[in-house]
2 protein chains.
Amino acid sequence: MNRLRPFIRTLERRDRLSPDELALLSSAQLRVQGFRRGQEIVRAKTQPGESRLMVQGISGREMVTAEGKRQISALHVAGDFVDLHSFVLKRMDHAVVALTEVTAIFVPHAEIRRIIDASPHLGRLFWLMTTIDGAIQRAWIACLGRSTAMQHMAHLFCELWTRMEIVGLVSGHSFPFRLTQAELADVVGLSAVHVNRTLQELRGLGVVDWNGEQVEIIDFDRLVALGDFDKTYLNLTQEPR
Amino acid sequence: MNRLRPFIRTLERRDRLSPDELALLSSAQLRVQGFRRGQEIVRAKTQPGESRLMVQGISGREMVTAEGKRQISALHVAGDFVDLHSFVLKRMDHAVVALTEVTAIFVPHAEIRRIIDASPHLGRLFWLMTTIDGAIQRAWIACLGRSTAMQHMAHLFCELWTRMEIVGLVSGHSFPFRLTQAELADVVGLSAVHVNRTLQELRGLGVVDWNGEQVEIIDFDRLVALGDFDKTYLNLTQEPR
DNA sequence: GCTGGGGATTTACCTATGTTAGTGGATGGC
DNA sequence: GCCATCCACTAACATAGGTAAATCCCCAGC
């Protein structure tokens with residue numbers, strides 16, 4: 001399946017896939033669906049019967065506090081499952097919303113079950129993808145807890161570039177990022193005003209620029225240093241798993 | 001195995017286990033090891049050949065920034081695997097340190113492999129435990145990003161009580177928590193001074209008390225309200241997975 | 001060409017939390 | 001009994017980041 005291409009690329013950066021495994025993946029019964037900006041891809045507290053795989057656009061896990069504040073606890077790009085964990089977790093503890101126009105594939109849990117029963121190795125790779133998800137969350141926790149606004153945003157831009165590169169979404173040191181500053185604020189746990197201030201500072205330093213459409217990394221080395229970014233946690237090495 | 005009791009309780013709160021599955025788990029080749037306060041249970045960047053399961057004490061995932069600041073991104077109590085994800089991830093993106101005296105079981109990855117090959121259902125339950133781990137991390141992200149010191153600490157105490165209750169570590173509304181305030185500060189991403197201030201505030205409100213040994217929840221309902229705590233994310237329902 | 005709306009940006013002010021530098025109490029080694 | 005530690009706690013001050021309310025800018029619709 002053409003639509004599975006990005007997902008297969010994320011897998012192949014972590015392990016080798018046999019022709020049989022590729023065929024097995026391609027045999028899955030899928031439904032494609034589009035979402036508009038702001039639309040919910042998965043509702044919180046529901047018990048989904050399928051997991052959704054991003055094909056295009058950016059979505060995020062959304063959690064809303066009692067006071068109505070929003071925190072986005074993950075961003076998803078093409079090739080990412082937004083809720084593969086719902087396969088074992090059964091019940092969503094968060095929502096997933098489209099932050100841009102999004103195209104997603106719906107993979108029934110029955111299909112996932114069929115695939116992992118037929119190939120325990122693919123089963124472990126599915127498991128792997130949820131644990132990489134966890135590793136990313138740990139990195140975000142460290143950023144939220146122990147770094148300044150600038151360091152945090154620098155780290156985030158490094159991470160996004162690296163993840164987008166895997167699925168061929170970057171061109172040079174730029175990648176598409178069509179969110180509003182207020183949305184980015186909900187990602188990094190800051191106010192929109194402070195995100196604005198910090199972006200100007202980063203721009204002023206000549207490190208990154210972002211016009212609301214594209215993030216352009218001007219000085220990658222300095223961005224990495226600023227964000228204390230070490231991509232180890234993304235597990236981008238082909239190993240038998 | 002007696003030592004596996006807490007782990008089996010965490011599993012049984014999420015799904016039913018057959019006698020065969022219990023026997024399979026008990027058949028695992030294990031090594032028990034003790035750790036002193038402050039000792040590393042797993043080193044960062046290593047490629048462990050086994051995963052460690054907590055039997056006693058409290059440990060935490062530790063990440064250190066370039067400036068030497070420390071963030072603890074997870075706490076583990078009896079029954080929790082500290083690094084089950086290393087089974088598929090292969091390389092640690094963080095360390096795990098003993099925050100109290102700790103007893104842990106070392107489970108070779110070969111044994112985990114043997115168990116999940118023999119029982120795909122147990123395999124899914126192992127997978128489940130890593131995704132619950134992820135759900136907890138999401139809750140922490142929301143706390144770090146969008147709540148005040150008091151709300152965050154209230155949430156943490158609710159979570160810890162709930163998790164300890166599963167494995168029989170609570171007595172009434174109290175549970176053992178022998179960390180220093182500075183260590184707690186690294187958990188909630190605050191300074192030790194502010195943790196101290198906030199604890200006094202919580203004490204003053206008559207909601208929780210903590211003398212460095214035991215956390216005593218005085219008014220559980222208010223603590224839950226303060227922390228906006230909803231235990232759904234801990235997935236404490238027995239369901240076929 | 002006018003209008004309305006959604007963002008980006010700015011300004012002024014506010015506050016939660018951090019930092020530094022203590023004090024004092026408990027504990028353990030010798 | 002003295003000393004060194006470690007840790008809770010305090011106090012005074014500093015600051016990163018939040019809040020509220022404008023203003024500006026762009027663009028779509030008419």
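Letters go in sequence order (proteins before strands), and every chain restarts at 1.
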Side-chain N,O ([X]) to OP1/OP2 ([N]) below 4.0 Å:
{"X": "B:Gln200", "N": "D:dA8", "answer": "no"}
{"X": "A:Arg203", "N": "C:dT9", "answer": "yes"}
{"X": "A:Asn196", "N": "C:dA8", "answer": "no"}
{"X": "A:Arg197", "N": "D:dT15", "answer": "no"}
{"X": "B:Arg37", "N": "D:dC7", "answer": "yes"}
{"X": "B:Gln181", "N": "D:dC9", "answer": "yes"}

Please report, rounded to the nearest Å, how far the [atom2] atom of [N] is from the [atom1] atom of [X].
{"X": "A:Glu213", "N": "C:dG7", "atom1": "CD", "atom2": "P", "value": "13 Å"}
{"X": "A:Lys69", "N": "C:dA16", "atom1": "NZ", "atom2": "P", "value": "10 Å"}
{"X": "A:His194", "N": "C:dT15", "atom1": "NE2", "atom2": "P", "value": "18 Å"}
{"X": "B:Glu67", "N": "C:dG18", "atom1": "CD", "atom2": "P", "value": "15 Å"}
{"X": "A:Glu183", "N": "C:dG7", "atom1": "CD", "atom2": "P", "value": "7 Å"}
{"X": "B:Leu190", "N": "D:dG17", "atom1": "CG", "atom2": "P", "value": "14 Å"}
{"X": "A:Leu184", "N": "C:dG6", "atom1": "CG", "atom2": "C1'", "value": "17 Å"}
{"X": "B:Asp186", "N": "C:dT17", "atom1": "CG", "atom2": "P", "value": "16 Å"}

Q: Indicate, with a heavy-atom threshold strictly under 4.0 Å, whether A:Thr180 touches base, sugar-phosphate, or nothing.
A: sugar-phosphate
Q: Pick base, sugar-phosphate or nothing for A:Ala192, based on heavy-atom distances below 4.0 Å to the nucleic acid.
A: nothing
Q) Under 3.5 Å, side chain of B:Ser191 to main-chain N/O of B:His194, donor-acceptor pair present? A)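 Judged by distance alone, yes, a pair lies under 3.5 Å.
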**Q.** Side chains of B:Gln33 and B:Arg31, donor plus acceptor under 3.5 Å
**A.**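 Yes - a donor-acceptor pair under 3.5 Å links their side chains.
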(Q) To the nearest 0.5 Å, what is the distance between CD on B:Gln151 and CG on B:Leu156? (A) 13.5 Å
Q) Do the ring centers of B:Phe229 and B:Phe157 come within less than 6.0 Å of each other? A) no
Q) If you measure from the Lys or Arg side-chain nitrogens to the Asp or Glu carboxylate oxygens, is any gap between A:Glu165 and A:Lys231 under 4.0 Å? A) no
Q: Please figure out whether A:Arg146 or A:Asn211 has its closest DNA chain C nucleotide nearer the 5' end.
A: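 This one resolves to A:Asn211.
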Q) For A:Ser147 and A:Val193, take the nucleotide of DNA chain D holding the closest heavy atom to each; which residue's nucleotide lies nearer the 5' end? A) A:Ser147
